[in-house]
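All remarks here apply to the structure that follows.
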Amino acid sequence: MKPDCLLLKLGELTLKGRNRSRFEKAVLRQIRRVLAPFPDLRYISEFGRVYVELRGVSYEAAAAALGRVFGLASFSPAYTAPLELEAVRELALQIMLALPKRPATFKINARRVNKTFPHDSQQMNYLVGGYVLEGCPGLTVDVHRPEVELRVELREERALLYAESVEGAGGFPAGSSGKALLLLSGGIDSPVAGWLAMRKGLELEMIHFHSYPYTSERAKLKVLDLARQLAGYAESVKMHLVSFTEVQTAIHAAYKENLLVTLMRRAMYRIAGLVAEREGLQALVTGESLGQVASQTLPSLHAIGNVAQLPILQPLMMMDKKEIVRIAERIGTFPISILPYEDCCTLFLPPSPSTNPNLRVVEKIESGMAFLPELIQRAAAQTETLIIRSDQKEEREHHLL
Ligand code: ATP
Ligand code: MG
């Protein structure tokens, strides 16, 4: 059986009044964006839900696209019938018979919108339910906790029936929470952090530090692939590529001990802060997870995060690696992240990075690096900025400065 309609339920039940309608408009815009490749669809929206007539478009293709819409709570494949009792009964039976798993209990939940239909909701529950019971031996009615609830909406022109509900991505629609800068490495974690930030309604720009020629062109392309994958959840994303080579080699020339990683990270966060400020972004988003590596202990987080003026949002902080990997697989970044290209952070690693850096000691070492502020300013000013879209390989490129 092929559904001929989709019923979409928008999310966040806590929103009221004007906020609610703004939220719904923003979600609808995203729905239309991801479904734009299917121009034949027709939309009817009403109170927190949207009906999409498929008009020949494959349900599977539309459903896959809808998984990328934040603010969509759930959607159901739905079937239409003429407004006649016999047609509704027959369709209800066919839907029950075609379910992927045969339920033991069910109930019909009818709703009569069109008051000219001769049977009211209660009567329809009995008339349709009885017919389904006859056609499905072994099935019983459970009005309190049915395994399947088959909804029957008697609308103005047609009846709409649906029994299944697919969970949507949830969250808030793109851009509704403001703008932030994602520090995107080629690893597993930061793309997941970015996706979680986007799901909360943040519009993201991204920044990536490379140490060309120590890191390869392929490593950079891998990060652009990750950004492109994330761009599938927004309209497009801006990517700022920063050459970290000069900063890194200068720091390493002056200091090689166990606080090196802390110093490098502080420089990175300072540059990110400057770029965020220039672009009018309100927070940094990074992929740290407490205790995962030496630079992610509490003393390290303190010594590194201390340089930032803007809030640093770290959505993975309390998550296990397993949970992070599960999300990476779901959003399609995992296979790209595990490709074996080097990251700039693995250059010049000290033999045993400190897990307990002391902020005052770090600041003292830095104050001996008089060259550093200027190098940081320069790296932030010379970013190469690309616009990345999920649907095309080429990026429009322009250089700032
Ligand atoms: P990831 O899997 O995201 O690389 P990680 O577990 O390797 O994270 P770290 O190397 O400590 O952790 O990096 C912590 C965070 O710093 C990353 O999640 C990312 O947000 C940022 N970061 C690290 N390297 C870079 C880079 N080359 N460019 C931009 N951001 C980076
Ligand atoms: Mg990494």
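Heads up: numbering here begins at 1 and tracks the sequence. Start at 1 and go down the list; that is how both ligands and their atoms are numbered.
- Remark: among candidates Asp189, Val242, Ile312, Thr215, the nearest residue to atom 6 (O) of ligand 1 is Asp189, based on non-hydrogen atoms.
- The part of Leu184 lying near ligand 1 is the backbone, judged by heavy-atom distances below 4.0 Å.
- Within a 6.0 Å radius of NZ in Lys321, other residues, nucleotides and ligands contribute more than 12 heavy atoms.
- The shortest N/O to N/O separation between Pro191 and ligand 1 does not fall below 3.5 Å.
- The environment of Lys115 atom NZ is dense: over 12 non-hydrogen atoms of other residues, nucleotides or ligands sit within 6.0 angstrom.
- Annotation for ligand 1: atoms under 4.0 Å from non-hydrogen atoms of Ile188 are 2 (O).
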Would Val237 and Leu230 count as a side-chain contact (heavy atoms from CB on, under 4.5 Å) here? Give the steps.
CA-CA 8 Å; Val237 297; Leu230 289 172; 5.7 Å; no
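- The contact set between ligand 1 and Ile207, taken as ligand atoms under 4.0 Å from a residue heavy atom, comprises 29 (C).
- Taking every heavy atom of Thr286 and a limit of under 4.0 angstrom, the matching atoms of ligand 1 come to 20 (O).
- Residue Gly186 has no N or O atom closer than 3.5 Å to an N or O atom of ligand 1.
- Of all heavy-atom pairs spanning Val192 and Ile331, the tightest one is CA-CD1, 4.2 Å.
- Taking distance alone, with nitrogen or oxygen atoms compared against 3.5 Å, Met268 stays at or beyond that limit from ligand 1.
- Contacts between Ser295 and ligand 1 below 4.0 angstrom, taking non-hydrogen atoms only, involve the side chain exclusively.
- When each atom of ligand 1 is checked for a heavy atom of Gly187 under 4.0 Å away, the hits are 1 (P), 2 (O), 4 (O).
- When heavy-atom distances to ligand 1 are checked against a 4.0 Å cut-off, Leu183 comes that close through both its backbone and its side chain.
- Residue-to-ligand polar distances place Gln292 within reach of ligand 1: an N/O pair is separated by less than 3.5 Å.
- Classification of Arg155 and Glu157 as a salt-bridged pair fails, no side-chain N sitting under 4.0 Å from a carboxylate O.
- Polar contact with ligand 1: present for Ser185 (N/O pair, distance under 3.5 Å).
- When atom types are taken as modelled, the side chain of Lys364 and the backbone of Arg360 share no donor-acceptor pair closer than 3.5 angstrom.
- Annotation: side chain of Leu133 is in contact with side chain of Phe106 (closest heavy-atom distance under 4.5 Å).
- The existence of a salt bridge linking Glu235 and Arg29 is confirmed by a sub-4.0 Å separation between a basic side-chain nitrogen and an acidic carboxylate oxygen.
- Counting heavy atoms under 4.0 Å from ligand 1, residue His210 does not touch it at all.
- Below 30°, between 30° and 60°, or above 60°: for Tyr233 and Phe70 the angle between ring planes is below 30°, a parallel geometry.
- Applying the side chain to side chain donor-acceptor pair (under 3.5 Å) criterion to Gln314, with sequence neighbours excluded, gives Thr286, Glu288.
- Close approach to Gly287 involves these atoms of ligand 1, each under 4.0 Å from a residue heavy atom: 17 (C), 18 (O), 20 (O).
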